[in-house]
Amino acid sequence: MKKTMSHKIAVSILCLHIIAFLAWLELFKKHDWLLILGSDLFQTSAPLISALWLFNRYRKENGRNRNFWLLLCFSMLSYTIAMLIWMFYEIYLRVTPPFPGIQDLFWILTPIIGLLAFNELILKTNTSKVFQHIYDALIVISVTTSISWEFIIKPILEQSADHGILYKIVYAGYPISELALFFGLISIFNSRNIKLASKFFFLIIVGQFCFIVADTVYLFLVSQNMYSSSNPIAVLWNLGLLLIGISSYYSNENIVEIQMNINKHKTNYLREVRLWLPYLSVFILFLITIYDEKKINSLVVGSSISIFLIIFRQIFTRVHNEVLVGKLKELNIELDEQVQLRTKELVEKNEQLEESISNVEYLAYHDLLSGLSNRRYFEKQLSGALNEAKAKNEEMAILFLDLDRFKVINDTLNHSIGDILLQHVAKRLKACIDDKGIICRQGGDEFIILLPEGDRTKVILMVEKIVESLNNIFLIEGHELFITTSIGISFFPDHGEEVGVLIRRADVAMYSVKNEGKNNYKIFTPDMKDSFNRRLTIENGLRKATEQDEFLIYYQPKLELKTNKIVGMEALIRWNHPEMGMVPPDDFISIAEETGLINKIGAWVLQMACWQTKLWQEEGLKDLSVSVNVSAIQFMQKDLYQQVNEALTVTELDPKYLELEVTESIMQNVQHASFVLERLKQLGVKISLDDFGSGYSSLTQIRHLPFDTLKIDKTFIDDIVTSLKDQAIVKTIIELGKNLGLTVVAEGVEDVEQLEYLRENGCDRIQGYIIGRPLPKQEFESKIRQNIIYK
Ligand code: C2E
Ligand code: MG
Ligand code: MG
């Protein structure tokens with residue numbers, strides 16, 4: 001054990017105390033008063049110091065032996081009180097303290113409380129063992145008491161004649177309680193399954209032994225009226241007290257610990273002593289009895305032999321039992337280990353099983369990409385929530401959310417970026433909804449959200465929060481991605497009472513948003529079903545349309561402001577549906593993009609437009625250029641270059657008369673866009689950036705791409721006459737375009753004021769109803785030929 005500073009101090013105090021006491025007794029042996037005073041002070045301070053040490057230990061102890069230290073401290077305090085009472089008589093009253101007096105009560109209490117303290121250390125689990133210890137202790141105590149009674153106490157009592165019963169009890173009390181403690185100690189520390197902090201135990205035993213010796217001498221001296229406080233025997237008491245106190249420094253951990261492994265080969269001598277001591281003491285008592293009687297007849301011999309035999313039989317049975325118990329314990333421990341091992345294996349297996357079950361459950365109910373609920377799980381949750389809402393008569397909202405133009409990102413960049421984007425979207429949705437609803441990824445870029453909230457204003461606030469949150473830029477692997485979202489909303493019970501119906505209606509509302517320009521939200525209304533059905537009809541009819549020549553191309557003229565001449569036209573597709581009539585491109589281009597049909601349609605437009613332009617050129621409308629729209633999805637296809645090349649080769653149109661209109665969405669991946677555009681430019685065609693300003697392309701990006709034309713989006717032109725802001729924007733775009741050497745075209749010009757403003761600000765070309773609406777080829781041709789287009 002490592003000796004700490006306080007430990008060293010304690011040892012020094014003990015030594016100094018004993019030496020000083022001895023010195024005092026020697027120095028003042030002739031000064032009665034000083035002798036008594038010093039002796040009393042030393043004898044009072046010793047238990048007090050000891051009590052302090054023990055209390056200190058009690059304070060620091062957290063283990064299960066905490067009470068042991070406290071009781072031992074009380075035992076020392078009891079001794080201190082006894083000494084104080086003694087001092088009161090000797091020093092204050094200056095009389096010999098009475099015997100028995102109250103101080104004797106406290107002295108007898110000292111070992112009794114000590115016994116209680118040690119009782120704390122006995123494992124209470126095995127009651128029969130405890131009884132065995134007590135029984136053994138009783139045998140030894142009764143033997144030693146009867147011997148000391150016979151040879152010490154009785155003669156003293158006889159000499160001192162008429163003393164009351166209390167006198168006798170107190171007299172007998174000392175040896176009985178101290179022997180009980182002593183033997184109790186031995187019994188406890190011999191327990192088979194207790195390991196002892198040996199130095200601690202040794203100090204306690206020695207301390208206790210000092211007491212027994214000192215008490216015996218004391219009793220004898222008292223009986224002879226020879227005792228006084230200054231008697232050197234008091235040093236022995238003090239030593240005992242201080243040894244008990246200092247034992248608290250000799251066990252830094254639990255003073256006892258349970259020993260699980262029994263070493264059967266190791267002989268425990270102390271245990272043997274405990275086993276033998278009761279029999280030995282009985283045997284000694286028997287011998288003394290015979291010796292005392294001094295009469296040996298056949299009865300004495302017979303009873304001696306039979307007692308020996310009984311004792312031997314007892315010992316034999318006990319030893320045998322102990323061996324058997326030991327073996328049993330060993331087996332138990334082995335069994336215990338095996339059970340533990342097996343339990344551990346079972347627990348591990350069980351954990352694996354539970355883990356795989358929960359994995360399977362997780363897979364069955366979650367979308368692995370986003371970690372959100374999947375549709376199946378969501379329907380389950382929704383159905384539960386519906387039942388609850390029905391029972392409570394409450395309303396709820398279902399949101400159907402679809403990212404706009406996600407396909408473009410997915411195809412323009414690569415799918416892994418699309419996946420990461422979906423994860424980010426899921427995160428933002430979670431952040432918006434928090435615990436106010438349940439989100440599910442229904443598949444692709446579609447999400448469904450359940451809001452257990454019937455208040456429409458609150459629902460709209462939440463939806464606006466989502467739209468705004470998703471409108472913020474996404475930074476993914478160096479790409480700045482912009483997405484918008486369309487959200488449809490349905491309410492329970494207004495729009496349906498079943499899971500399927502509510503989701504379908506929110507879906508219908510979402511499509512309605514898509515049809516009306518995306519990036520918005522709408523609450524379901526019954527008339528939306530028609531537009532939804534219309535979308536379904538479009539989706540189904542689109543495939544057939546490509547095969548059955550249902551597409552047409554309309555042409556819209558472009559006017560050069562400087563010369564007031566028509567310099568070209570934009571080819572705009574129309575679909576002449578057998579039932580729905582003329583379907584505008586905004587209604588089917590996005591569906592064509594989603595279904596992948598855009599590629600085929602785009603290739604067809606390219607060829608037809610080139611062919612028509614070439615034809616018109618040959619028929620005298622020289623220098624007419626044509627602009628053809630190229631969808632972002634089409635732009636991503638590897639064969640775009642091939643398509644353009646083929647169209648030019650087949651129609652023999654001079655590439656300089658063909659302009660490809662691309663939108664800002666191709667710039668999601670600038671490197672790829674630059675690569676494709678450069679290749680197309682090698683063919684000799686022109687490139688135009690359509691709807692400039694409506695997307696998120698930055699001016700820096702434009703500078704690095706080989707554009708020839710910049711088309712200002714119609715939205716800026718609409719209010720150009722009235723809005724100063726729009727005027728400023730348009731002016732800047734024109735200036736910027738010019739600085740970059742681009743031709744600037746304004747789209748959607750509808751009136752003269754707009755036209756004049758653009759002319760004044762240096763815009764190169766305009767396109768819009770004021771010049772001419774998109775027209776079928778014949779009408780376009782005749783208008784151009786009649787020159788009835790704006791002059
Ligand atoms: P865009 O390329 O920006 O075409 C201009 C759109 O503005 C045309 O709509 C045109 O009719 C309309 N417009 C022109 N001037 C005015 C005006 O003064 N007032 C108003 N209110 N509108 C005007 P359209 O033909 O419905 O086409 C819509 C969009 O569909 C086009 O926008 C283009 O992005 C796409 N699109 C059209 N044809 C094709 C095609 O063959 N391929 C692809 N990929 N997309 C096409
Ligand atoms: Mg266009
Ligand atoms: Mg445009």
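Ligands are counted one by one from 1 in listed order, and the atoms in each one are counted from 1 as well.
- Under 2.8 Å from the Mg ion (ligand 2) lies no N/O/S atom of E747, from backbone or side chain alike.
- Atom OH of Y641 sits in a crowded spot, with more than 12 heavy atoms from other residues, nucleotides or ligands closer than 6.0 Å.
- For the Mg ion (ligand 2), the set of nearby N, O or S atoms under 2.8 Å includes one belonging to D690.
- Annotation for K738: atom NZ counts as buried by contact number, over 12 foreign heavy atoms lying within 6.0 Å.
- Distance check on atom 6 (C) of ligand 1: every protein heavy atom falls at or beyond the 4.0 Å cut-off.
- Ranked by closest heavy atom to atom 30 (O) of ligand 1, the top entry among P584, P585, A746, A592 is P585.
- Remark: minimum distance from atom 43 (C) of ligand 1 to any protein heavy atom is reached at N629 CB, 3.6 Å.
- In this structure, atom 23 (C) of ligand 1 is in close contact with the protein, since a protein heavy atom lies within 4.0 Å of it.
- Rounding to 10 degrees gives 90° for the angle at the Mg ion (ligand 2) between OD1 of N629 and OE2 of E570.
- Among all protein heavy atoms, the one lying closest to atom 21 (N) of ligand 1 is K714 CE, 3.0 Å.
- Residue L572 places no N or O, backbone or side chain, under 3.5 Å from any N or O of ligand 1.
- No close placement of the F707 and F692 rings is indicated, their centers lying 6.0 Å or farther apart.
- Within the model, atoms CD of E593 and CE of M636 stand 12.5 Å from one another, a figure rounded to the nearest 0.5 Å.
- Within E661, the N, O or S atom lying nearest to the Mg ion (ligand 2) carries the name OE1.
- Among protein heavy atoms, atom 19 (N) of ligand 1 sits closest to E750 OE2, 2.5 Å.
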